[in-house]
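Within every chain, numbering begins at 1; the chains are lettered A, B, ... in the order of the sequence lines, protein sequences first and strands thereafter.
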Amino acid sequence: MLTVRQIEENQHAVIQLLAKKQFRAESLVNEIIETDRKRKKLQNQLDNNLAEINRISKDIGQLFQQGKTQEANQAKEKTTSLKEDIKLYTRQLEESVQLLHELLVQLPNLPHESVPEGRAAEDNKEVRAGGKMPELPVDALPHWDLAKKYDIIDFEMGNKITGSGFPLYRNAGAKLQRALINFFLDEAANAGYTEMMPPILVNEDSGFGTGQLPDKEGQMYHVTGDNLYLIPTAEVPLTNIFRDVILSSFDFPVKIAAYTPCFRREAGSYGKDVRGLNRLHQFDKVEIVQIQHPDKSYEALEEMASYVETLLKKLDLPYRIMLLCGGDMSFTSAKTYDFEVLAAGQKKWLEVSSVSNFASFQANRLKLRFREEGDKRTQLAHTLNGSALALPRIVAALLENNQTQMGIKIPEALVKYTGFNMIE
RNA sequence: GGAGAGGUGGCCGAGUGGUCGAAGGCGCACGCCUGGAAAGCGUGUAUACUCCAAAAGGGUAUCGCGGGUUCGAAUCCCGCCUUCUCCGCCA
């Protein structure tokens with residue numbers, strides 16, 4: 001959520017920047033500024049009335065103490081019309097505030113100036129690529145066939161237990177999951193991230209804080225009995241640690257990481273692209289989060305991107321890093337790098353990580369502020385996050401790219417975690 | 001899930017209808033004192049919105065959260081959240 005001040009002070013820049021995101025902001029921006037003016041006016045009227053009634057109340061108190069009951073009762077009568085006004089203004093102010101809020105949440109985050117122009121995925125810019133393309137025989141299998149062949153992932157059993165999109169990992173498949181989680185967590189710790197293990201159900205406030213609510217309500221599993229939501233990503237509990245928090249500039253950078261299962265309803269996405277591990281309702285992921293000083297957040301974004309890149313290198317996966325164009329970016333992001341790995345068995349690039357700087361957009365919702373040393377005023381911090389990494393598509397690529405006559409080869413860096421170097 | 005007791009500022013803690021945004025203490029910051037420090041003394045010490053070109057200075061709200069009663073609520077009433085103790089259940 002942008003702040004009204006941000007919008008008002010840079011009205012034209014906001015409209016221009018949002019055009020890059022293929023968003024026509026002009027009328028919304030005007031409506032926001034107009035509503036805020038109205039809000040201020042109402043606030044003033046209400047405050048003046050409240051000040052007046054406070055004054056009278058104090059007088060009444062004194063009159064009663066002095067035993068001047070009659071004068072006190074006379075003063076009481078004066079408050080009747082004031083109270084009616086107060087009721088009216090309060091209601092109008094609430095309406096204004098709510099409308100302003102509804103308008104503000106419709107406005108996407110501003111893209112950073114370095115974000116390329118473009119409408120859709122084809123316009124994304126490849127910034128780096130690496131890893132060796134595997135040379136597979138013509139009869140190479142996609143991972144869902146390999147999973148069956150080696151009895152490591154049982155999709156049908158998942159269907160029986162829960163439903164589609166909830167696979168059962170077994171044997172080496174289960175061990176591989178555990179190995180990857182530990183590998184990612186250890187790497188994150190080495191890179192300076194503090195490990196957390198957060199709750200995987202969150203309340204409404206947290207859902208709102210990171211922007212899943214109200215816009216993506218249908219994407220989360222909702223536990224209606226207790227009004228809790230299953231997290232779609234660890235970003236939600238991790239970032240909400242900092243809801244309503246005022247940091248000092250000495251606290252930067254905050255670097256935290258967590259493994260959690262993630263739950264996504266993926267309502268409406270069916271078909272070929274969702275086969276096997278490509279798209280699941282439950283999956284495992286290690287997430288990294290940074291809270292940064294506004295002057296440092298784009299540096300931090302690069303740092304996070306290179307960190308994710310080292311993971312893919314260590315896993316010997318062929319990858320490419322895409323800088324998303326304005327039209328392909330998420331609502332909340334100011335700048336995003338997507339990481340894709342090649343799954344050679346299905347000859348497809350799979351997105352395995354998305355690393356974003358949200359600038360102050362999330363911080364404004366969260367009320368995550370900081371104070372510069374010696375400064376009285378608070379300002380919004382910058383938040384960033386990225387997957388490091390999401391497991392299923394990594395597993396898909398590992399299985400497909402490393403298939404041999406003998407079995408599936410485990411990358412060197414993972415062997416000490418799996419305890420085996422081949423799935424046979 | 002049942003019964004009872006709590007939730008006050010960075011922390012401790014007073015306050016049960018009237019100049020209470022809140023005593024007192026601790027902590028912290030600044031100043032004085034000192035050769036330097038400690039102690040001592042003095043001053044200051046929340047957040048948000050808003051008025052003002054800005055500063056200074058005002059106004060409003062906030063005592064777990066949300067409603068209500070009242071001229072006036074930290075204080076009374078209702079609902080919710082949460083902590084502690086006991087019982088029940090339980091990995």
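The two residues Gly345(A) and Gln403(A) come nearest to each other via the heavy atoms CA-NE2, 4.4 Å. Across all non-hydrogen atoms, the minimal contact from Thr418(A) to Ala179(A) is CG2-CB, 3.5 Å.
Nucleotide C28(B) holds its P atom 16 Å from the CZ atom of Phe250(A), rounded to whole Å. Summarising the geometry, the separation between CD on Glu84(A) and P on U70(B) is reported as 13 Å, rounded to the nearest angstrom. Rounded to whole angstrom, the span from the CD atom of Glu77(A) across to the C1' atom of C71(B) amounts to 11 Å.
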Short heteroatom pairs, N/O only, protein and nucleotides 77-81 of chain B, under 3.5 Å:
none

Please tabulate, one pair per line, each protein N/O and nucleotide N/O from nucleotides 15-20 of chain B that are separated by under 3.5 Å, including the distance.
unit_1: G18(B); atom_1: N2; unit_2: Ser57(A); atom_2: O; d: 2.8

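Asn109(A) and Thr332(A) are not linked by any side-chain donor-acceptor pair at a separation below 3.5 angstrom, with hydrogens and angles left out of the test. Using modelled atom types and a 3.5 Å distance limit, the side chains of Asn240(A) and Arg243(A) yield a donor-acceptor pair. Donor-acceptor pairing under 3.5 Å is lacking for the side chains of Gln70(A) and Gln74(A). Remark: the Gln362(A) side chain and the Glu235(A) side chain contain an N/O donor-acceptor pair separated by less than 3.5 Å. Under 3.5 Å, the side chains of Asn30(A) and Ser27(A) contain no donor-acceptor pair of N or O atoms. The closest side-chain donor-acceptor pair between Asn278(A) and Gln346(A) falls under 3.5 angstrom. Under 3.5 Å, the side chains of Asn357(A) and Ser297(A) contain a donor-acceptor pair of N or O atoms. Using modelled atom types and a 3.5 Å distance limit, the side chains of Glu302(A) and Tyr337(A) yield a donor-acceptor pair. Side-chain contact of His382(A) with Gln290(A): a donor-acceptor pair under 3.5 Å is absent, judged by distance alone.
When both distances must be under 3.5 Å, the Watson-Crick or G-U wobble mate of C76(B) is G68(B). Nucleotide G35(B) forms a pair with no other nucleotide shown, judged by Watson-Crick or G-U wobble geometry with both contacts under 3.5 Å. Of all nucleotides present, none satisfies the Watson-Crick or G-U wobble test against C90(B) with each distance under 3.5 Å. A53(B): no Watson-Crick or G-U partner with both key distances under 3.5 Å is found in any strand. Taking a pair to require two hydrogen-bonding distances under 3.5 Å in either a Watson-Crick or a G-U wobble arrangement, C20(B) remains unpaired. U45(B): Watson-Crick or G-U partner is G27(B), with both key distances under 3.5 Å. Pairing for G7(B) is with C81(B), a Watson-Crick or G-U wobble pair whose two hydrogen-bonding atom distances lie under 3.5 Å.
Nucleotides A61(B) and G66(B) place their P atoms 14 Å apart, quoted to the nearest Å. U47(B) sits 16 Å from U8(B) when the C1' atoms are compared, rounded to a whole Å. Nucleotides A54(B) and G40(B), compared at atom C1', are 40 Å apart to the nearest Å. Using atom P as the reference point in both G9(B) and G68(B), the two lie 25 Å apart (nearest Å). Comparing the C1' positions of A73(B) and C63(B) gives an interatomic distance of 11 Å, to the nearest angstrom. Using atom C1' as the reference point in both U60(B) and G72(B), the two lie 16 Å apart (nearest Å). Nucleotides C81(B) and G88(B) place their P atoms 24 Å apart, quoted to the nearest Å. Only the P atoms considered, G59(B) is 47 Å distant from A3(B), to the nearest whole Å.
The aromatic rings of Phe208(A) and His101(A) are tilted relative to each other, their planes meeting at an angle between 30° and 60°.
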What string of B, S and - do you get for nucleotides 47-69 of chain B 5' to 3' if you count protein non-hydrogen atoms under 4.0 Å?
SSSSS-------BSS--------

Test salt bridge (charged side-chain N to carboxylate O under 4.0 Å, His left out) applied to Lys148(A) and Asp145(A), step by step:
CA-CA 5 Å; Lys148(A) 197 165 217 165; Asp145(A) 290 336; over 6 Å; no

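Lys83(A) comes within contact range of the sugar-phosphate backbone alone, with a heavy-atom separation under 4.0 Å but no base atom that close.
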